[in-house]
> 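Would you mind keeping the following structure in view while I ask a few things?
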2 protein chains.
Amino acid sequence: MDCRYKYERPALAINCVIFGFDGVKLKILLIKRGIEPFKNQWALPGGFVNVNETIDEAAQRELKEETGVDHVFMEQLYTFGSIDRDPRERVVSVAYFALVRISDYKLIAGSDASNAQWFTMNSIPSLAFDHSVILEMAINRIKGKIRYQPIGFELLDDKFTIPQLQAIYESILERKIDRRNFYNKIKKTGLLIFLDEKQQKAAHRAATLVTFDKDKYLKLKEQGYAFEI
Amino acid sequence: MDCRYKYERPALAINCVIFGFDGVKLKILLIKRGIEPFKNQWALPGGFVNVNETIDEAAQRELKEETGVDHVFMEQLYTFGSIDRDPRERVVSVAYFALVRISDYKLIAGSDASNAQWFTMNSIPSLAFDHSVILEMAINRIKGKIRYQPIGFELLDDKFTIPQLQAIYESILERKIDRRNFYNKIKKTGLLIFLDEKQQKAAHRAATLVTFDKDKYLKLKEQGYAFEI
DNA sequence: ACAAAAGTGTTTGGAATACACCCATGC
DNA sequence: GCATGGGTGTATTCCAAACACTTTTGT
């Protein structure tokens with residue numbers, strides 16, 4: 001092996017905070033560690049960065065290995081570089097957060113179900129390494145982000161209803177939002193395409209299915225439009 | 001030397017985007033590289049992370065080496081992990097941005113002045129590595145940040161005037177702000193302590209000197225107060 | 001006296017919130 | 001019919017931008 005530098009260097013890893021939405025609550029995907037250290041404890045998915053891949057690629061690779069999903073919303077969160085965060089040796093970790101559609105994920109999970117599990121925000125177990133800190137930062141980030149970036153859609157199917165979207169906002173922001181104001185506000189953005197379809201098997205009046213007009217959003221964004229809810 | 005891992009690992013570096021304010025414009029500190037690669041080109045201050053220091057410490061160390069200043073506002077910006085960003089080998093860099101008082105800096109600069117220089121935002125030369133991208137992101141970050149975090153004060157002396165503070169906002173946001181609205185708004189926060197001193201040698205009416213009430217801000221922040229301008 | 005910038009107060013328009021009301025569907 | 005939630009419109013409150021006016025200081 002080649003060691004060109006005269007001194008030791010930290011190892012570089014990535015971790016992913018994977019958010020999903022089950023229709024009611026925001027959830028976070030954790031895995032149960034199979035090896036030491038922290039064996040049998042819950043942790044964020046993660047792994048080391050190869051020398052021939054970018055850190056973004058490493059994060060995507062890890063996400064794919066863990067959930068089978070690809071091409072999802074993913075963004076760098078923060079880099080954690082305390083000295084003792086890993087008992088084995090010095091490891092610096094770049095944390096990412098990802099938004100996935102749980103329904104997509106379900107299709108692929110089966111293989112090794114017991115070691116990966118969705119947790120709601122208020123039932124998070126104690127985590128390995130400094131992963132609680134990472135998770136906390138991810139939750140704060142998503143709370144701030146959802147206000148001024150249309151990321152709620154990333155957690156839903158292509159076709160969704162406005163009440164579903166509202167449930168995401170309420171779950172992430174942890175507060176109730178007036179149903180009618182939310183409806184009016186989201187409609188006024190002009191970024192929703194209303195379909196001629198209704199929600200199926202609704203207990204009562206069925207909601208209209210809509211899609212997010214991503215093309216329109218990207219065009220407006222280039223012209224300086226700032227999304228806000 | 002000890003190489004415990006079976007495969008090559010990326011090197012880990014930090015870079016600092018150092019902002020200062022000269023009373024008129026926002027400035028950025030660049031250094032002229034003395035060695036290859038990119039010898040004689042301008043670049044962001046930076047260096048490798050030692051295995052026995054946190055990444056934050058590495059950034060502070062580098063800032064101190066470069067400007068002599070310490071205990072300034074500093075925050076992690078983003079981590080850059082493209083494969084070819086350094087022609088020598090694979091280097092991942094954690095970028096930071098810092099806000100310094102140029103007057104503090106002046107006291108120490110003398111030693112090796114020619115290789116470090118302040119640049120205004122619109123006179124940035126072409127930079128080494130991917131540092132233009134880093135700088136662009138830092139500028140966007142500070143533009144967003146100054147709206148909802150009281151960081152303008154970090155660029156001024158302890159005693160400053162409201163028009164000076166406004167000049168910082170205008171310089172960072174690159175737009176004019178109504179003088180009177182700014183005055184009223186910043187005053188209404190209650191976070192300024194008005195001193196019984198006036199600005200010296202003003203061309204005309206002297207402005208009142210004020211200080212930022214950091215203690216009060218921190219207390220309010222804990223209670224959920226959100227600064228905003 | 002006059003110019004220039006500091007400091008104070010009022011008006012106004014638009015956005016956010018609150019909320020009344022009607023509609024569709026299952027039981 | 002009635003309970004439940006979807007969909008629409010309006011009133012009110014509040015905040016930010018616009019702007020008129022007064023004060024202070026140097027020349």
Side-chain angles (χ1 to χ4, degrees), chain A residues 23-24 143-144 146-148 150 152 156-157 159-171 173-212 220 224-229, chain B residues 23-24 144 146-148 150 152 156 159-171 173-212 220 224-229:
Chain A
V24 182
K143 275 187 191 177
I146 203 171
R147 296 290 316 277
Y148 59 90
L156 291 168
D157 294 336
K159 297 176 182 181
F160 58 92
T161 69
I162 293 180
Q164 280 170 359
L165 186 65
Q166 181 177 348
I168 288 182
Y169 277 80
E170 290 186 340
S171 184
L173 296 174
E174 294 181 286
R175 64 180 174 84
K176 285 281 162 204
I177 301 170
D178 184 274
R179 186 177 58 80
R180 299 152 294 186
N181 289 336
F182 184 84
Y183 196 100
N184 292 332
K185 215 166 171 182
I186 200 86
K187 195 177 180 188
K188 209 168 53 182
T189 65
L191 292 173
L192 293 185
I193 300 169
F194 287 75
L195 305 174
D196 284 333
E197 295 179 63
K198 299 281 175 186
Q199 194 179 26
Q200 294 304 306
K201 57 183 175 139
H204 296 286
R205 178 177 181 176
T208 308
L209 288 173
V210 299
T211 60
F212 176 61
L220 286 171
Y225 163 79
F227 178 87
E228 204 186 331
I229 279 292
Chain B
V24 182
I146 202 170
R147 295 292 314 279
Y148 59 92
L156 291 167
K159 298 178 182 179
F160 59 92
T161 69
I162 294 180
Q164 280 170 358
L165 186 64
Q166 181 178 346
I168 287 182
Y169 277 79
E170 291 186 339
S171 184
L173 297 174
E174 295 182 286
R175 64 180 174 83
K176 285 283 162 200
I177 300 170
D178 184 273
R179 187 177 58 79
R180 298 150 298 182
N181 287 337
F182 184 83
Y183 195 99
N184 293 333
K185 215 166 172 183
I186 201 86
K187 194 178 180 187
K188 209 168 53 183
T189 65
L191 293 173
L192 292 185
I193 301 169
F194 287 76
L195 305 175
D196 284 332
E197 294 179 63
K198 299 282 175 183
Q199 194 179 27
Q200 294 304 306
K201 58 184 173 138
H204 296 287
R205 178 176 180 177
T208 307
L209 287 173
V210 299
T211 60
F212 176 61
L220 285 171
Y225 162 79
F227 178 87
E228 203 186 333
I229 278 292

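Naming convention: chains lettered A, B, ... in sequence-line order (proteins, then strands); numbering from 1 in each chain.
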> Do the numbers put Lys176(A) on top of the ring of Tyr169(A), so that NZ or CZ is under 6.0 Å from the six-membered ring centre and no more than 45° off the axis?
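Judged by the rule, Lys176(A) and Tyr169(A) form no cation-pi pair.
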
> Check the distance between dC15(D)'s P and Tyr148(B)'s OH and give it to me in whole angstrom.
21 Å

> Please list, for nucleotides 11-13 of chain D, all pairs of protein and nucleotide N/O atoms separated by less than 3.5 Å.
none

> Please report the closest heavy-atom contact between Ile168(A) and Leu156(A), naming both atoms and the distance.
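The pair with the smallest heavy-atom distance is CD1-CG, 3.5 Å.
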
> Taking the side chain as everything from C-beta on, heavy atoms only, tell me whether Leu192(B) gets closer than 4.5 Å to Phe160(B).
yes

> Between Glu170(B) (CD) and dA17(D) (P), how many Å, whole number?
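Those two atoms, CD and P, are 13 Å apart.
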
> What is the distance from CG of Leu165(A) to P of dG6(D), rounded to the nearest Å?
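These atoms are roughly 13 Å apart.
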
> Under a 4.5 Å cut-off applied to non-hydrogen side-chain atoms, are Glu197(B) and Thr208(B) in contact?
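With C-beta onward as the side chain, the pair stays apart.
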
> With a 4.0 Å cutoff (strictly under), does any side-chain N or O of Lys201(A) reach OP1 or OP2 of dT25(C)?
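So the side chain of Lys201(A) is outside the cut-off, no N or O lying under 4.0 Å from OP1 or OP2 of dT25(C).
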
> To the nearest Å, how far apart are Lys176(A) NZ and dT17(C) C1'?
17 Å

> Once you round it to whole Å, what is the distance between C1' of dG5(D) and CD of Gln166(A)?
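It works out to 11 Å between those atoms.
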
> Expressed in angstrom and rounded to an integer, what is the separation of Ile177(B) atom CD1 from dA18(D) atom P?
12 Å

> Grab the two heavy atoms, one from Ile162(B) and one from Phe182(B), that are nearest each other, plus how far apart they are.
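Smallest interatomic distance, heavy atoms only, reads O-CE2, 3.8 Å.
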
> Do Tyr148(A) and Phe227(A) make the cut of ring centroids closer than 6.0 angstrom?
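Distance test on ring centres: not under 6.0 Å, no.
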
> Stepwise, does the salt bridge (charged side-chain N to carboxylate O under 4.0 Å, His left out) test hold for Glu170(B) with Arg175(B)?
CA-CA 5 Å; Glu170(B) 291 186 339; Arg175(B) 64 180 174 83; over 6 Å; no

> Do nucleotides 4-13 of chain C as a string where each nucleotide becomes B, S or -: B if the base has a protein heavy atom under 4.0 Å, S if just the sugar-phosphate does, - if no protein is that close.
BBBBBB----

> With a 4.5 Å limit on heavy-atom distance, are the side chains of Ile186(A) and Leu191(A) in contact?
no

> Rounded off to whole Å, could you give me the CD-to-P distance for the Glu228(B) and dA16(C) pair?
12 Å

> Less than 4.0 angstrom from a charged side-chain N to a carboxylate O is my criterion; do Asp178(B) and Arg180(B) meet it?
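Here Asp178(B) pairs with Arg180(B) in a salt bridge, since their nearest N and O are under 4.0 Å apart.
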
> For Arg147(A) and dA15(C), give me the distance from atom CZ to atom P, rounded to whole Å.
15 Å

